[in-house]
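Here the structure is laid out as structure tokens; the discussion comes afterwards.
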There are 2 protein chains.
Amino acid sequence: MPKNEASENVTADDVAVAAGVSRWTVNRAFKKDASISPMTREKVMQAASQLGYLPDLRAAALASDKSNLVALLVDDFANPHKLVMLERLTRALRSRGWDTLLVNTLNAEDAGPAIANASQRRVDATILIGIQFDDEVLAAALGARRLQKLIIFARTSENPNTISIAVDDAAATREIAQYVLDRGYKRPFYFAGPRTVSAHLMRKETFLAHWLKHTDQTVPSMSAPSYDANIAAEMVGHQFANQQETTRPDIIVCENDALAIGTIDAIRHQLGLRVPEDIAVIGFDDVPLAASPNYKLTTYRQPLTAMADYLVDVLEQSESKDMTRTFHGQLITRDSA
Amino acid sequence: MPKNEASENVTADDVAVAAGVSRWTVNRAFKKDASISPMTREKVMQAASQLGYLPDLRAAALASDKSNLVALLVDDFANPHKLVMLERLTRALRSRGWDTLLVNTLNAEDAGPAIANASQRRVDATILIGIQFDDEVLAAALGARRLQKLIIFARTSENPNTISIAVDDAAATREIAQYVLDRGYKRPFYFAGPRTVSAHLMRKETFLAHWLKHTDQTVPSMSAPSYDANIAAEMVGHQFANQQETTRPDIIVCENDALAIGTIDAIRHQLGLRVPEDIAVIGFDDVPLAASPNYKLTTYRQPLTAMADYLVDVLEQSESKDMTRTFHGQLITRDSA
DNA sequence: ATCAATCTTGCACGCGCGTGCAAGCTCTTT
DNA sequence: AAAGAGCTTGCACGCGCGTGCAAGATTGAT
């Protein structure tokens, strides 16, 4: 029979016998920074690769109570920016030895069960990158303590039991507002996303406040039920149909690029107007499509790579106190505003 | 002290004591279709929820050698269609009790390690939804047997040790080709994606063959290095700059929507032409953006939900023989062609 | 009231590896 | 050449739960 025919279930014991050492030495060989002589390790690794052995991470997690696994809860797959975030996060995590459990929060009621589910896998941390995670969900999550760390990614959170890694929304929005002022726009309109958590309103509130302070005028606005370009397009088309040039806005400031892209489509194809000549548009996120020759969207780019790297720093930290941190991004000016 | 203050590490034993039963009865209570009286189960569940107990899935996986976990290997986050696939797959999986390990294949050389990584988590199946998984990678994956099932999703594969769940590419492409013929286009151009695996060339080959057979003419083509709209736009702008109306194509058939969207952008903004009047465009996938008023892309929609459901069927099957299956989608005709 | 058929419950053993310590070993220092 | 100092290796015990069987409890029919 072939040498490694019965490679069904090779354990460290098998390798130990083959290499003439104890099982513990085998596992040491696979552990970085373990106390083992180079010669022995080489011998073990050779036997291991011959038998096709790789340590069982389930057992390791069970024994050490450390899984090197994080859960990523997502509930908003309509927003293309989520794909970028997923890429950056999984890249940073995996390149530093962490695995990712992707949990689709099926619907509003499912957030609780989704978190419970992750906790049953005994993940070392739970990362929320969705939007529907309102205060109740957070409370439930914090209650089901087991998920050692609760990290809110790319969203600020004022909950003290939570670690938030995000751009400074207020500063970013002020920069945007100032840009709008500086370029001489007179009648801005703010297009917000779903208003589930108070923190999510920060961008809108900041913009309105800034504008009021500098021009003494209020800014009209509306909210989309989700960050979906097609829905945004419908709303914009509906909202500004048959409006006079003097009453319609000269710029629509969108809470993110998904809304901005829908807005541009609607301005051009439903209102029959030009961007930016008739109505300018600003977004937030700098999704790949924002750079396309079609949209040339002026938007705000978050330092996602740095944020993802910092997230792994947080994971590797034993203490989770005072880990919340905000970053600064940059306004990318293109042709749309 | 509070009642459940020390809810650090509640195990089935703790619940057993609280409920006055054995540990095994506790675990039975959490297992569907287990032999347990309703009264006992109720009693156990009450004690469990009071203590905040939930079974440890690591231990369960270790003991039963069944993890209810699948690995999803992705290497192409530039294609927006991936986000749709992720949503559909995680939805189908989670709603039927499966968890998903999202593995970002960092680069071409990382495919092997990524698969090994997944196998160390002892996943019940590995699902490939990327493109760079060429024959060598497949061989390596099959070698590292441990990932019981190797499923290629949304791509056909002729490898007999693999389970492929995809649309019938040949039939779909013939339908597209026939549509192009029927609409009277004369000078098609085929825009393909990365040519890594032989199977990936099927769409292009099929289109070319169909056209040759029906018109006796060959179709020019080119290949993008990745499914990225911005790169596609550049390539199209470069390829057709300064071409006469009589020599340039009257329709560009794209291997998928990412390429098609870039193509439309380039036609309009770099070539200064109209879609579909000057050059028509056809895609494949029906990404959300394809329906936007800006693109109105004629494209081919895969029955992703049915495919994802079938994937879970496959997982729940003990035998993995002859599970490969192809589906039929439909051509969605919009304005772009 | 009795017996068999059915339901419910308890349990020994194992899944594969980590932890922390102690014994064995090698090498340097005087 | 002998004694520490530092390096390597081995091991008992435990992580939390599943499997399969056997004992105990319950039910219905006779």
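Computed from a predicted structure; not experimentally measured. Any value given below was found using the heavy atoms of this structure, including those in side chains, with hydrogens, waters and symmetry copies removed. Throughout, protein chains are lettered first and strands after them, A, B, ... in sequence-line order, and every chain is numbered starting at 1.
Distance, A/Q120 CD to D/dG16 P: 14 Å, rounded to whole Å. What separates CD1 of A/I36 from P of C/dG24 is a distance of 20 Å, to the nearest Å. In this structure, CZ of A/F30 is placed 11 Å from P of C/dG18, rounded to the nearest angstrom. Look at CE on B/M39: it is 14 Å from C1' on C/dC7, rounded to the nearest Å. B/N27 has its CG atom 19 Å from the P atom of C/dG14, to the nearest Å. Atom CZ of A/R58 and atom C1' of D/dG16 are 13 Å apart (whole Å). Atom P of nucleotide C/dG18 and atom NZ of A/K32 are separated by 16 Å, given to the nearest angstrom. Here C/dG14 presents its P atom at 16 Å from CG of B/D65, a figure rounded to the nearest Å.
For a distance-only test at 3.5 Å, the side chain of A/W24 qualifies as a donor-acceptor partner of the base of C/dT19. Judged by distance alone with a 3.5 Å cut-off, no donor-acceptor contact links the side chain of A/R122 to the base of D/dG16. Residue-to-nucleotide contacts include no donor-acceptor pair under 3.5 Å from the side chain of A/R28 to the base of C/dG18. Judged by distance alone, with hydrogens and angles left aside, B/R23 brings a side-chain donor or acceptor within reach of the base of D/dG18, the pair sitting under 3.5 Å.
Closest to the B/A60 side chain, of the nucleotides C/dT8, C/dG16, D/dG18, is D/dG18. Here the side chain of A/P38 is nearest to one of D/dC17, D/dT8, C/dC17, namely D/dT8. Closest contact between the side chain of B/T11 and the listed nucleotides D/dT19, C/dC17, D/dG16 involves D/dG16. Each of D/dC17, C/dC17, D/dT9 was ranked by its minimum atom distance to the side chain of A/D56; first place goes to C/dC17.
No side-chain heavy atom of B/T100 sits less than 4.5 Å from a side-chain heavy atom of B/L86.
The two residues B/V314 and B/M323 come nearest to each other via the heavy atoms CG2-SD, 4.0 Å. Closest approach of B/L51 and B/A18 over heavy atoms only: CD1-CB, 4.0 Å.
Applying the side-chain contact (heavy atoms from CB on, under 4.5 Å) test between A/L72 and each of A/V123, A/V103, A/L89, A/L101 identifies A/L89 as the sole match.
The side chain of A/N9 contributes no N or O atom lying less than 4.0 Å from OP1 or OP2 of C/dC15. Regarding contacts with the backbone of C/dT8, every side-chain N or O of B/T25 stays at 4.0 angstrom or more from both OP1 and OP2. Phosphate contact (OP1/OP2 of D/dG10, side-chain N/O of A/S22, threshold under 4.0 Å): present. Remark: B/S37 is in phosphate contact with C/dT9, judged by side-chain N or O atoms under 4.0 Å from OP1 or OP2.
Residue B/L62 is the one, among B/K31 and B/L62, whose nearest nucleotide of DNA chain D lies closer to the 5' end (criterion: closest heavy atom).
Contacts of B/K66 with the nucleic acid, taken as non-hydrogen atoms under 4.0 Å apart, are absent.
More than 12 heavy atoms of other residues, nucleotides or ligands lie within 6.0 Å of NZ in A/K66, so this atom counts as buried by the packing criterion.
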Could you walk me through whether A/D99 and B/R121 satisfy the salt bridge (charged side-chain N to carboxylate O under 4.0 Å, His left out) test, starting with their C-alpha distance in whole Å, then the side-chain angles of each, then the deciding distance to 0.1 Å, before giving a yes or no? CA-CA 9 Å; A/D99 284 335; B/R121 293 274 175 197; 2.7 Å; yes

